[in-house]
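As structure tokens, the structure follows; a few thoughts come after it.
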Amino acid sequence: MTIQFSTKIFPQADLQSPKLQKTSLKTLLGHSTDCLVLGYSKADLDGFSGAKGAKVKTGFFPELDLLLGGSITHANVVGDLDSKQASVCMLRAEKSWSTNGVKAKRLLLVSLGDVHLASERSLTTYSKVARSALKELSGGSIESALWFTPSFALAHKVDFIAEEVRLTIQYAGDQAYRFGVRQPAMKFKAKDKADTFKSLVFAGNDACSKELKLAVEQGISMVEGMNLAKDLGNLPPNICTPTYLGKAAQDLSKKTSLKVEVLGRKQIEALGMGSFLSVAKGSDTPPQFIVMRHQGGKAGEAPIVLVGKGITFDTGGISLKPGEAMDEMKYDMCGAASVIGTMYSVALMKLKKNVIGVIPTCENMPSGQATRPGDIVKSMSGQTIEVLNTDAEGRLILCDALTYVERFKPAAVIDIATLTGACIIALGHVHSGLFSEDENLVSELTKAGHASLDTVWRLPLDAAYHEQLKSNFADVANIGGRPAGSVTAACFLSRFTEKYKWAHLDIAGTAWKSGAAKGSTGRPVPLLVNFLLERK
Ligand code: BES
Ligand code: MN
Ligand code: ZN
């Protein structure tokens, strides 16, 4: 089951205005829902319990308490109300509620903490608050909830509503995700039971209705893209082959306005992508080159191009990987999945920009046909590459795609790849690695990362690191040794990106989780969608 997200506008509702509190609470609580969710600040609680010796009651708790026949007083007396940020208190309907026209079956009160402190008004703060509220809503018998958005607006400003709402939807969608739900034909049964929580309604007022509706639409589109990216990542490598990825992209062109083109081996050969083909050589399944276009901007407008690494299984090739956890190399197409997911989101939200997604996809297998360490191959750019390690294959397929996209005269190119184990050593599973010499791209991507909590951390690309890629026999070697492995991988790619503004995201540590929580994270779809939304 997936969650339905929607909006409901209560024109005058406003808990901040003392004049409107009473009627606002009446209308909100008078709405039928399994659970009304309200945020409150430390000041609301202090104004009720007189914690600081306040004699005059302030905030919306006094009115709420009247409507609920003393439920708030009760909760406060037993110590269930706390001003600590993200603490929650669930109240269940009592007889007195209905006498006062309350139709909500529950009320979930969520503490925003001390919203007067600037330090407690960041989006990171909000994310803690939202996460803890969403946790209360799932896993029980609650099916629907009414989330009064203005009560969560940390700075009581409309500006943050879009980001907050998108983040709430992102988290709720993440929480509700189950693998196997969207593959009815595949005989994959969702392993764990679907959550009973099915509907999250964002309530707003006239002051924020436009922003709210737009943000909910954007959030829904983003979750759809994330779900698709997760599904593709989680599918086993015997199903999710390059051909399957091509079909998945083509399917989207039937559902949306996306234009999709899939090139096969012959066409890839004709383009001169010798580097890409050298990786595909050891595999019996054919490589594919996918191009997805979203024409949401003006006809002549330079597009933003996303390039995703699509290795549907990485054995390492002749430089075979050790067996431990090799199954996780089915996730080596998560860059591609994030591009397909982002393109889907962008199409669903009818983004008014031109965006192109490009995916080189193949398997990296050992065989009698496979590329050997020492082989020299010719890339589409004309540069020759000495393949010293066949396990450094991501850069070999990406470099030809990066040359291919020159034809689009792009405004910017971002490639996304599970490129190096070294990136996990450097940044763990928290930030994706960001490499770019373009300060604007760096700042835009960093900001988008904060807004979606799908964060990046910049790593260098200096000329000095290029030394490690020198080859005695070709223009460049495909590995630069163990030191700074993620940096030299990025430096390798940079040699193919001189004609445009470019950034590289290494998502080796962030695209999936291992162990008991094994599964695709859908990252960096939120980052990319936010980047595209916020870009002027
Ligand atoms: N797909 C891997 C990178 C990877 C490894 C991502 C483990 C996530 C977890 C990539 O193709 C690879 O094998 N890179 C090598 C490069 C090395 C041979 C220079 C690596 O990181 O070991
Ligand atoms: Mn590899
Ligand atoms: Zn790989």
Side-chain angles (χ1 to χ4, degrees), residues 233 237 240 242 245 275-276 278-283 287 307-338 359-366 370-375 385-401 415-433 435 459 465-466 468-471 476-493 504-515 518-521 523-524:
C240 187
L245 280 183
S275 182
F276 174 24
S278 77
V279 177
K281 263 175 76 186
S283 170
V307 179
K309 171 179 172 182
I311 296 291
T312 59
F313 197 74
D314 181 12
T315 65
I318 297 299
S319 314
L320 195 64
K321 285 182 181 296
E324 200 198 345
M326 202 206 269
D327 62 289
E328 294 191 4
M329 282 299 113
K330 72 172 184 176
Y331 289 115
D332 213 16
M333 36 56 73
C334 281
S338 75
I359 292 158
T361 172
C362 68
E363 278 185 333
N364 186 21
M365 300 290 274
T371 293
R372 294 152 287 252
D375 282 2
I385 303 163
E386 188 182 13
V387 180
L388 292 173
N389 189 323
T390 63
D391 197 11
E393 85 298 340
R395 61 200 81 180
L396 294 176
I397 72 168
L398 287 169
C399 69
D400 281 342
D415 79 74
I416 305 103
T418 47
L419 202 63
T420 63
C423 194
I424 312 177
I425 304 300
L427 301 175
H429 305 286
V430 178
H431 304 298
S432 301
F435 301 80
L459 292 166
Y465 291 101
H466 281 270
Q468 288 171 238
L469 291 170
K470 281 196 169 148
S471 160
V476 64
N478 81 325
I479 53 167
R482 281 172 65 84
S486 307
V487 182
T488 51
C491 285
F492 177 93
L493 295 179
H504 158 60
L505 297 171
D506 194 332
I507 58 166
T510 52
W512 76 91
K513 286 183 181 152
S514 311
K518 184 172 165 188
S520 187
T521 60
R523 288 178 71 178

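Note: hydrogens, waters and symmetry copies are ignored here, and every other heavy atom, side chains too, is used. These figures come from a predicted structure and were not determined experimentally. When a ligand or atom number is given, it counts from 1 through the structure's own listing order.
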Exercise for the section: Work out the angle at the Zn ion (ligand 3) between OD2 of Asp332 and OD2 of Asp314, rounded to 10°. Expected result: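 Between OD2 of Asp332 and OD2 of Asp314, at the Zn ion (ligand 3), the angle is about 90°.
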
Heavy-atom side-chain proximity of [X] to [Y] below 4.5 angstrom:
X: Thr521; Y: Lys513; result: yes
X: Asp314; Y: Glu393; result: yes
X: Pro242; Y: Thr312; result: yes
X: Asn364; Y: Lys321; result: no
X: Ile311; Y: Val279; result: yes
X: Tyr331; Y: Lys518; result: yes
X: Leu419; Y: Leu398; result: yes
X: Ser275; Y: Ile397; result: no

Handout entry: Minimum-distance atom from the Zn ion (ligand 3) among N, O or S atoms of Glu393
Key =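 That would be atom OE2.
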
Look only at the side chain of [X] and the backbone of [Y], and say whether a donor-acceptor pair between them is shorter than 3.5 Å.
X: Asp375; Y: Arg372; result: yes
X: Asn478; Y: Leu388; result: yes
X: Asp400; Y: Phe276; result: yes

Exercise for the section: Could you see which bit of Glu328 sits under 4.0 Å from ligand 1, with heavy atoms only: side chain, backbone, both or neither? Expected result: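 The answer is neither; Glu328 stays 4.0 Å or more away.
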
Exercise for the section: Answer side chain, backbone, both or neither: which part of Met333 comes under 4.0 Å from ligand 1, heavy atoms only. Expected result: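 Contact part for Met333 vs ligand 1: neither.
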
Atom indices of ligand 1, in the order listed, that fall short of 4.0 Å to a heavy atom of [X]:
X: Glu393; value: 11 (O)
X: Lys309; value: 1 (N), 10 (C), 11 (O)
X: Ile424; value: 8 (C), 9 (C)
X: Ile479; value: 19 (C)

Exercise for the section: Can you list, by chain and residue number, the protein N, O or S atoms under 2.8 Å from the Mn ion (ligand 2)? Expected result: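 Listed by chain and number, the nearby protein N, O or S atoms are Asp314 OD2, Asp391 O, Asp391 OD1, Glu393 OE1.
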
Can you tell me the protein heavy atom closest to [atom] and the distance?
atom: atom 8 (C) of ligand 1; answer: Trp512 CH2, 3.3 Å
atom: atom 2 (C) of ligand 1; answer: Asp314 OD2, 3.6 Å
atom: atom 3 (C) of ligand 1; answer: Leu419 O, 3.5 Å
atom: atom 12 (C) of ligand 1; answer: Asp391 O, 3.2 Å
atom: atom 21 (O) of ligand 1; answer: Gly421 N, 2.7 Å
atom: atom 18 (C) of ligand 1; answer: Asn389 ND2, 3.5 Å
atom: atom 6 (C) of ligand 1; answer: Ala508 CB, 3.6 Å
atom: atom 16 (C) of ligand 1; answer: Arg395 NH2, 3.8 Å

Practice task
Could you go through the side-chain hydrogen bond (donor to acceptor under 3.5 Å, both in side chains) check for Thr371 and Thr390 one step at a time?
Solution key: CA-CA 7 Å; Thr371 293; Thr390 63; over 6 Å; no

Practice task
Enter the distance from Leu245:CG to Cys240:SG here, rounded to the nearest 0.5 Å.
Solution key: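 Interatomic distance, Leu245 CG to Cys240 SG, rounded to 0.5 Å: 4.0 Å.
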
Handout entry: Heteroatom test (N, O or S) for Ala392 near the Zn ion (ligand 3), limit 2.8 Å
Key =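 Within the cut-off used here (under 2.8 Å), Ala392 places no N, O or S atom near the Zn ion (ligand 3).
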
Practice task
Please determine if Thr420 has a nitrogen or oxygen closer than 3.5 Å to a nitrogen or oxygen of ligand 1.
Solution key: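 No, there is no polar N/O contact under 3.5 Å.
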
Problem - Arg482 near ligand 1 by a heavy-atom separation under 4.0 Å - result: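 In this structure, Arg482 fails to qualify as a contact of ligand 1 - no heavy atom is under 4.0 Å.
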
Problem - Lys/Arg N to Asp/Glu carboxylate O, Asp415 vs Lys309, below 4.0 Å - result: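 No, Asp415 and Lys309 are not salt-bridged.
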
Practice task
Determine the minimum heavy-atom distance between Val476 and Ser471, stating which atoms define it.
Solution key: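 In terms of heavy atoms, the two residues are closest at C-CB, 3.9 Å.
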
